[in-house]
Number of protein chains: 2
Amino acid sequence: MTKEQPPPRPSEQPKLRDVAKAAGVHAATASRALNPDTRGLVNAETARRVLKVAKALGYRPNPIARSLKTARTRTVGLVIPDLTNPLFPPIVRGIEEVLEAAGYSAWLTNTDDDPRREQTLIDSLRSRQVEGLIVATARLRHPLLESLHRQGVRMVLINRRTQEPDIPSVTADDAVGTALAVKHLAGLGHRRIAHLAGPRHTSTGVIRASAFRHAIRDHGLADDPELTVECAQWTEEEGARAMSGLLERGVECTAVVAGNDLIALGCYDAFSRHGLSCPDDVSVVGFNDMPFLDKLRPPLTTVALPHHDIGVEAARMLLECIEEPERHPRSVLLPVSLAVRGSTASLRGSTGAGATAGKARRPRR
Amino acid sequence: MTKEQPPPRPSEQPKLRDVAKAAGVHAATASRALNPDTRGLVNAETARRVLKVAKALGYRPNPIARSLKTARTRTVGLVIPDLTNPLFPPIVRGIEEVLEAAGYSAWLTNTDDDPRREQTLIDSLRSRQVEGLIVATARLRHPLLESLHRQGVRMVLINRRTQEPDIPSVTADDAVGTALAVKHLAGLGHRRIAHLAGPRHTSTGVIRASAFRHAIRDHGLADDPELTVECAQWTEEEGARAMSGLLERGVECTAVVAGNDLIALGCYDAFSRHGLSCPDDVSVVGFNDMPFLDKLRPPLTTVALPHHDIGVEAARMLLECIEEPERHPRSVLLPVSLAVRGSTASLRGSTGAGATAGKARRPRR
DNA sequence: CGCCCTACCGCAATCGATTGCAATACCAGA
DNA sequence: TCTGGTATTGCAATCGATTGCGGTAGGGCG
């Protein structure tokens, strides 16, 4: 009966033809007048008139129509593991800041570190005709990304990289950050420092782990393979699991360099389960400097990354790849610093007395 | 010279015509075969053939072209104050989960609580032809949103509302949450409880404040106007400012209900500046249950919101508004609960002895 | 005065899909 | 055998903008 279905919006928005008509010119002329790049092709007076009419009518070009014709969407895809990881929001904001200024916008997707989801999401992004990708889910071996790269999909990796060095990336200086952490702990007198490494299949995991070994040796500290444990994921749970394992195996250590802040938080959990106190019994250094770390119990000492800048830099780089494809891709390493807080303390007492399960020195109240 | 500029992608993607040709039918038939709703119009055998060819060629319909013709983008806009506020990521994920399942996707924008930016961003979203808006930046008086609503722009408000009750919204049950907080503190023996209210121009601010007064009276507690202070913004800084003001004016209180978690964090700052200890000297309850609150010093007792569900519910509601515009808009109030942690303690000692500046009972070490 | 060139503008095709309408074929019933 | 219907499919217009190409007018120059 009354099954009339008017096209969702009767298009109250004025279109180019309306502007053209009102200005007494052809749509083509109006189009050229509106576009700064082609404005030179039309009489200055005419252009002025078109502009005025357009503003008066409140004309807004329809990006859909434009995209269809120009095959450009001014749109990029953002692929991150999980937005609720506090590391990402500041990065995302940095990215959007740059994109917005350049007239681009971004689709945001969360893979939850599931390769199948990643595949699906990237497919979907591509079918939405994104012009580029910013990807934070790289694994060292990453056939999907490598194949996309070979297909000429513009992308820049953030945070993590693949083995393939040709793919542009923006990462923090993991090696320097790790060295900073070790140096700090060594300076506090720690000799047996453990490392709860991130997963071996991520660049950050292996780079930080190898930087850790180097730093340990440089400072002449205990270079015991038992002191390094790999976490299967960058999560609090894995951190707790790894730390507990260390404690339960009776591995002695007075400090730990966590692969990232979440893993460090896991250490906190493990400590409280084992009746240890941080930093009195064990010092901990995190990595990333997520928000609110200064309010933790205790405030976490960590390697601070320029989150916002990572986003800014990545977005700039991607725009460059898009707008001047000839340029050689490059990768940048952003500087880090150490945020010293309350989770690290100088080693008191004599020596070697480290934390081991069962002989906690400060039982929990 | 070599200034050849091939259209960005020579469109290696097969298009509908390619599929049609390969299947030996007209594009129109292929289109109908591919669309489940119109598949009935074509011979079953033909449809099968088209589907097979499409899959073989890896055909993906071009959503741009489709949108141009159908005037539907299957896209919505998300307007939030600031993604780095940990309250939002879980909500956003809830939203995207529902949208994704329904074949929609979302543009995310941050207003930084700046009305001009908000205006610009919403304009931009509209020109990108979003089919609806999810807005988390509502103020009680909000001409922009009200006008959009009158213009028939589908939207649902989250977290906060406007005065205009017709606009659908999804919010937590602020009144109950506040009552829970007060009841908890009263149960611990507190008599003089302060409230650091959120801004008066937000619904959450006024609802929580008024619920606070009600609860205070219901429990027969000190109903002193001095005990309520308004924060100009929902930020840590404002919380610190408000709490410090209270302390410096010598207003006695042994507990405070903060307008939200960030304001509660500000209290922590103020306490440490004034040499007070939480919860020994003053108890604090937050609101929102942001992530990681359990790791704070002390772990913050707070009113827990169903973040994810807020997103889910809002997205569902928006889709409903879009797909069946006839339905009457509704608003939902989601249940909250109290997460009791370490920032609240029972009132020890005798009576009335509250926290005031200058006579801190536990000077900071 | 005629020709060429430039500046400006309009025509019409195009991007890739959707969809109203028309055409065809085939079948049943009269 | 003719008519009406139904099931399929094709034709062509359309969404709103962009752009190659052609046309016109007017100025400069010979």
Side-chain angles (χ1 to χ4, degrees), chain A residues 3-50 54 57 59-74 126-129, chain B residues 4-50 54 57-74 126-129:
Chain A
K3 191 61 183 283
E4 55 192 322
Q5 184 80 348
R9 283 304 150 63
S11 212
E12 330 216 1
Q13 304 287 18
K15 6 189 149 180
L16 186 57
R17 334 283 296 217
D18 301 323
V19 174
K21 197 167 302 174
V25 296
H26 189 271
T29 306
S31 169
R32 285 187 272 252
L34 259 7
N35 180 342
D37 293 339
T38 52
R39 191 168 302 155
L41 294 176
V42 355
N43 180 294
E45 173 52 35
T46 311
R48 196 160 18 243
R49 188 155 32 96
V50 172
L57 294 184
Y59 170 72
R60 316 244 358 192
N62 180 331
I64 312 258
R66 188 208 297 273
S67 289
L68 181 57
K69 177 61 181 170
T70 62
R72 303 216 32 193
T73 55
R74 298 193 151 259
R126 293 193 66 197
S127 82
R128 280 183 256 167
Q129 319 284 124
Chain B
E4 55 191 321
Q5 185 80 347
R9 283 302 149 67
S11 211
E12 330 213 1
Q13 305 287 19
K15 9 191 144 176
L16 187 57
R17 334 282 297 217
D18 300 324
V19 174
K21 196 167 304 175
V25 297
H26 190 269
T29 305
S31 170
R32 285 186 275 252
L34 259 7
N35 180 341
D37 293 339
T38 51
R39 191 168 302 154
L41 295 177
V42 353
N43 180 295
E45 173 52 34
T46 310
R48 198 167 8 247
R49 188 155 30 97
V50 171
L57 294 183
Y59 170 72
R60 316 246 356 194
N62 180 331
I64 312 257
R66 187 208 298 272
S67 290
L68 180 58
K69 175 63 180 170
T70 60
R72 304 215 34 192
T73 55
R74 296 190 153 261
R126 293 192 66 197
S127 82
R128 279 182 256 166
Q129 319 284 124

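Lettering of chains follows the sequences in order, A, B, ..., and the numbering in each one begins at 1.
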Is the shortest side-chain N/O distance from [X] to OP1 or OP2 of [N] below 4.0 Å?
X: B:Thr29; N: D:dG10; answer: yes
X: A:Lys69; N: C:dT14; answer: no
X: A:Tyr59; N: D:dG16; answer: no
X: A:Ser31; N: D:dT18; answer: yes

Counting the atoms with a prime plus P, OP1 and OP2 as sugar-phosphate, which does B:Thr46 contact under 4.0 Å by heavy atoms, base, sugar-phosphate, or nothing?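 Sugar-phosphate contact only.
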Base, sugar-phosphate or nothing for B:Leu41? Non-hydrogen atoms, less than 4.0 Å.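 Base contact - B:Leu41 has a heavy atom under 4.0 Å of at least one base atom.
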Output the rounded distance in Å from [atom1] ([X]) to [atom2] ([N]).
X: B:Asp37; N: C:dT19; atom1: CG; atom2: P; value: 9 Å
X: B:Arg72; N: C:dT18; atom1: CZ; atom2: P; value: 13 Å
X: B:Leu68; N: D:dT18; atom1: CG; atom2: P; value: 12 Å
X: B:Arg39; N: C:dT18; atom1: CZ; atom2: C1'; value: 16 Å
X: B:Gln129; N: D:dA17; atom1: CD; atom2: C1'; value: 12 Å
X: A:His26; N: D:dG16; atom1: NE2; atom2: P; value: 16 Å
X: A:Leu16; N: D:dC15; atom1: CG; atom2: P; value: 14 Å
X: B:Asn62; N: C:dG16; atom1: CG; atom2: C1'; value: 6 Å

Exam field: side chain A:Arg39 to backbone A:Arg32, donor-acceptor pair closer than 3.5 Å: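 Checking the backbone N and O of A:Arg32 against the side chain of A:Arg39, no donor-acceptor pair under 3.5 Å is found.
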Any donor and acceptor pair, going by atom type alone, linking the side chain of A:Arg72 with main-chain N or O of A:Ser67 inside 3.5 Å?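 No, the answer is negative, given that no donor and acceptor are paired below the 3.5 Å cut-off.
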A:Val25 vs B:Ile64, nearer the 5' end of DNA chain C by closest nucleotide: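 It is A:Val25 whose nearest nucleotide is closer to the 5' end.
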If you assign A:Val42 and B:Asn35 each to the DNA chain C nucleotide with the nearest heavy atom, which residue ends up on the more 5' nucleotide?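 Counting from the 5' end, the first nearest nucleotide belongs to A:Val42.
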Where [X] and [Y] come nearest, the two heavy atoms and their spacing:
X: B:Pro63; Y: A:Arg128; result: CG-CA, 3.9 Å
X: B:Arg49; Y: B:Val25; result: NH1-CG1, 4.2 Å
X: A:Leu16; Y: A:Tyr59; result: N-CE1, 3.4 Å

For B:Ala47 and A:Pro61, find the nucleotide of DNA chain D closest to each by heavy atoms; which residue's nucleotide sits nearer the 5' end?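 In this pair, the answer is B:Ala47.
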